[in-house]
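Heads up: the structure comes next, in structure tokens.
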Amino acid sequence: MLQIELPDGSVKEVATATTPYDIALSISEGLARQAIAARFNDQLIDVYAPLETSGTLALITQNSPDALEIIRHSCAHLMAQAVKELYGDDVQVTIGPAIKDGFYYDFYSETKKFVPEDFPVIEAKMAELAKADMPVSREVMGRDEAIGMFREMGEAYKVELIEDLDVETVSLYRQGNFVDLCRGPHVPRTGVHKAFKLTSLAGAYWRGDEKNAMLQRIYATAFLNNKDLKAHIARLEEARKRDHRRLGRELDLFSFSEDAGGGLVLWHPKGAMLRMIIEDFERKEHLKRGYEIVVGPQILKTELWKMSGHYENYRENMYFTEVDEQGYGIKPMNCLAHMLIYKSKPRSYRNLPVRYFELGTVHRHEKSGVLHGLLRVRGFTQDDAHIICRPDQIDQEVKSIMSFVQDVAGIFGFEYTMELSTRPDKSIGSDEDWDRATNALRSALEDSGQPFDINEGDGAFYGPKIDVKLKDALDREWQCATIQCDFTLPERFDLTYVGADGEKHRPVMLHRVIVGSIERFIGVLIEHYAGSFPLWLSPVQAIVLNVTDNQADYAQQVFEQLRAAGIRVEVDLRNEKLGFKIREAQMAKIPYMLVIGDREMEEQKVAPRFRNGKNLDPCTVSEFIDFVAAESAAYK
RNA sequence: GCCGCCCUAGCUCAGCUGGUAGAGCAACUGAUUCGUAAUCAGUAGGUCGUCGGUUCAAGUCCGAUGGGCGGCUCCA
């Protein structure tokens with residue numbers, strides 16, 4: 001007999017090979033009907049999995065947090081089954097996991113090309129299979145037997161998967177005449193699937209390797225019910241409205257031109273203003289923290305890029321030019337100039353660290369398929385700094401960079417995720433250096449109190465790094481801040497400082513950016529604020545609106561007063577109705593509209609209207625100026 | 001770069017199975033002077049991304065090419 005402890009603390013005695021379903025049934029028929037899977041000793045299992053040992057058991061119903069993931073994974077099987085039934089031997093199955101917000105399944109076919117028009121057909125077949133409410137059963141098979149079976153079925157990818165598994169047996173899931181290699185767990189019956197939708201098609205390399213075959217991926221999503229599915233689709237629609245590419249055009253911030261070239265941003269006046277505000281902010285914040293501003297050239301001799309290793313490792317991403325038989329590389333990074341500045345005179349240990357900051361504009365030839373609005377471009381400006389310090393200073397420096405990152409994230413109200421990437425197989429430098437650097441990064445991360453992931457072996461070849469990622473409107477993550485420890489470039493460029501002992505020593509260099517690239521940051525920022533920037537960031541902070549021509553002179557005068565006071569202000573004197581002007585200002589997401597009618601003119605006041613529709617009490621121009629100054633000083 | 005899809009006026013989109021283009025908004029002109037999200041009327045605007053092919057005839061079919069979108073690989 002087995003002792004099974006339930007979530008309420010009670011213990012049931014059951015025979016060996018009793019299933020979670022049996023136990024559920026013994027509690028209530030309803031529970032048994034609703035059970036999707038079970039959690040046994042912290043492991044997810046099928047409701048029909050026979051229990052072999054004593055332990056704790058919790059049934060997973062629709063309301064459990066794990067339910068959706070299991071349903072989506074099972075729904076991927078349902079989709080694969082539908083595809084196999086419809087397109088049969090033309091299509092081979094590969095893998096189909098649950099992902100955030102849904103699932104996908106990758107198919108291989110030489111003949112069948114999926115098109116969006118197939119979606120309704122596949123969905124209909126899925127609905128039919130779901131309605132048939134087939135039992136989903138698990139079976140365990142010997143490795144070789146399974147290989148033989150899939151080979152016979154013509155499923156070469158499944159064969160390859162099993163061949164790479166170092167196990168004696170594999171588990172298979174069968175529903176109707178569809179069988180798939182899978183770890184599980186799965187829902188007990190296909191009838192569980194009630195709300196699903198195919199969403200998009202994409203290519204994907206087999207096992208994520210571009211040397212492998214290109215598979216056809218069908219993305220889809222599934223929910224517990226149609227209401228949740230509809231809500232999800234509505235959320236996606238909302239996210240589309242926040243898309244920075246759309247808002248960039250609507251708010252007249254920036255554009256791209258085929259004539260200029262892909263990934264090269266054209267900043268319109270309002271976008272350039274936003275950029276300038278952020279750049280001013282950056283300079284101020286860096287000076288406050290002991291950085292010195294430097295400026296390097298856009299192009300440097302090709303020989304220098306050879307010395308740094310960029311020519312060897314980064315060449316395909318670089319643009320080159322030649323003048324008077326001398327080759328130059330357009331900089332993809334700012335570090336070289338900073339090192340040359342460091343090298344321009346002897347350095348003492350007393351004067352370290354040096355912290356060189358540059359809003360450095362770099363150009364990188366990114367593959368055409370990866371360009372994405374402002375989030376992935378070919379020419380961008382980094383808030384880049386290089387800190388050259390003694391090895392014993394790494395710890396302190398990394399900590400201050402982390403706190404800088406936290407300050408900035410706090411000001412903009414960003415949540416972020418962090419990752420530590422450690423030494424890759426192919427790397428240079430001593431174990432001691434790597435340990436010191438990795439520990440410095442790790443302890444700074446731990447001190448930050450924020451959770452972080454570790455990417456083993458994902459560091460740069462010259463040193464470990466911390467990456468900080470922000471999310472866009474669709475929850476896609478984009479790397480912004482990064483902190484990298486570098487022992488190589490100081491070596492290659494023979495950077496030295498004179499120590500207390502009078503000898504020359506090798507410094508360490510930290511590469512770091514806080515927002516990353518201004519372009520990417522603004523892209524994320526636009527989506528974060530949905531275009532409604534806080535006052536201090538708004539390219540236009542206020543707009544003066546007259547009700548009729550009668551107040552035109554006074555409105556113009558108010559406008560000039562505000563502009564003279566340093567407020568970013570516009571005036572709309574057009575012969576249009578007030579409602580029309582307000583609508584336009586509202587759509588331009590301008591924080592304050594200053595309405596001027598005869599009343600205000602008489603009292604020498606303005607009537608401010610906030611973009612959320614609320615009105616402030618009429619006030620004098622100088623009161624409004626003070627108000628704006630106070631608000632924006634606090635980064636609000 | 002790879003896979004799929006898309007590309008019609010400044011923007012958002014119509015245009016059935018091929019018969020030489022249409023709406024709304026924006027723009028411009030005029031009238032209106034009207035207090036918190038669209039005043040009315042009129043005018044103008046497109047070699048249907050580009051090049052080539054099929055056809056009596058192509059925005060509509062085929063091919064190539066450029067750009068964009070969604071992924072994959074790569075990355076700030």
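Per chain, numbering begins at 1; letters A, B, ... match sequence-line order.
Counting only heavy atoms from C-beta on, A/V370 has its side chain closest to B/rU73 among B/rC75, B/rG70, B/rU73. Of the candidates B/rU36, B/rC75, B/rU39, B/rC75 carries the atom nearest the A/R520 side chain, counting heavy atoms from C-beta on. When the nucleotides B/rA26, B/rG35, B/rC5 are ranked by their closest atom to the side chain of A/F580, B/rA26 comes out on top. Of the candidates B/rG71, B/rG1, B/rG35, B/rG35 carries the atom nearest the A/A607 side chain, counting heavy atoms from C-beta on.
Ion pairing between a basic and an acidic side chain is recognised when a charged N comes within 4.0 Å of a carboxylate O; A/E285 and A/R289 show such pairing. A salt bridge is absent between A/E316 and A/R364; no separation between the charged side-chain nitrogens and carboxylate oxygens falls under 4.0 Å. Contact check on A/E415 versus A/K469 returns no salt bridge, with no Lys/Arg side-chain nitrogen under 4.0 Å from an Asp/Glu carboxylate oxygen. Contact check on A/R275 versus A/E519 returns a salt bridge, with a Lys/Arg side-chain nitrogen under 4.0 Å from an Asp/Glu carboxylate oxygen. Using a cutoff of 4.0 Å between basic side-chain nitrogens and carboxylate oxygens, A/K241 and A/D243 are not scored as salt-bridged.
Between the side chains of A/R609 and A/Q586, at least one donor N or O lies within less than 3.5 Å of an accepting N or O. No side-chain donor-acceptor contact under 3.5 Å links A/W305 and A/E312.
A donor-acceptor pair under 3.5 Å links the side-chain atoms of A/T199 to the main chain of A/Y219, judged by distance alone.
Residue A/Q586 places none of its side-chain N or O atoms closer than 4.0 Å to OP1 or OP2 of B/rA37. The phosphate of B/rC34 (OP1 or OP2) has no side-chain N or O of A/T548 nearer than 4.0 angstrom. Between B/rG70 and A/H372, a contact under 4.0 Å exists linking OP1 or OP2 to a side-chain N or O.
Counting non-hydrogen atoms under 4.0 angstrom, A/V515 reaches nothing in the nucleic acid. Counting non-hydrogen atoms under 4.0 angstrom, A/E366 reaches a base of the nucleic acid. No engagement by A/E316 is indicated, since no non-hydrogen atom pair under 4.0 Å with the nucleic acid exists.
Partner of A/H511 under the side-chain hydrogen bond (donor to acceptor under 3.5 Å, both in side chains) criterion, out of A/T482, A/D486, A/D384: A/D486 alone. Test A/H386, A/H338, A/H286 against A/Y291 for ring-ring contact (aromatic ring centres under 6.0 Å, His included) and you get one pass: A/H286.
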Review item, nucleotides 10-12 of chain B N/O atoms under 3.5 Å of protein N/O:
{"residue": "B/rU12", "atom": "OP1", "partner": "A/R249", "partner atom": "NH2", "Å": "3.1"}

Pairing of RNA chain B as dot-bracket, 5' to 3': ( ) intra-strand, [ ] crossing, | other strand, . unpaired, with Watson-Crick or G-U pairs under 3.5 Å? (((((((..((((.....[..)))).(((((.......))))).....(((((..]....))))))))))))....
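Taking the six-membered ring for Trp, A/F103 and A/H73 have ring centres at least 6.0 Å apart.
Within residues 212-219 of chain A, the residues that place at least one heavy atom under 4.0 Å from RNA chain B are, in residue-number order, A/M214, A/R217, A/Y219.
Not a single donor-acceptor contact under 3.5 angstrom links the side-chain atoms of A/R207 to the base of B/rC72. At a cut-off of 3.5 angstrom, counting only N and O atoms as typed in the model, there is no donor on one side facing an acceptor on the other between the side-chain of A/Y205 and the base of B/rG71. Contact annotation: side chain of A/N550 to base of B/rU33, donor-acceptor pair absent below 3.5 Å.
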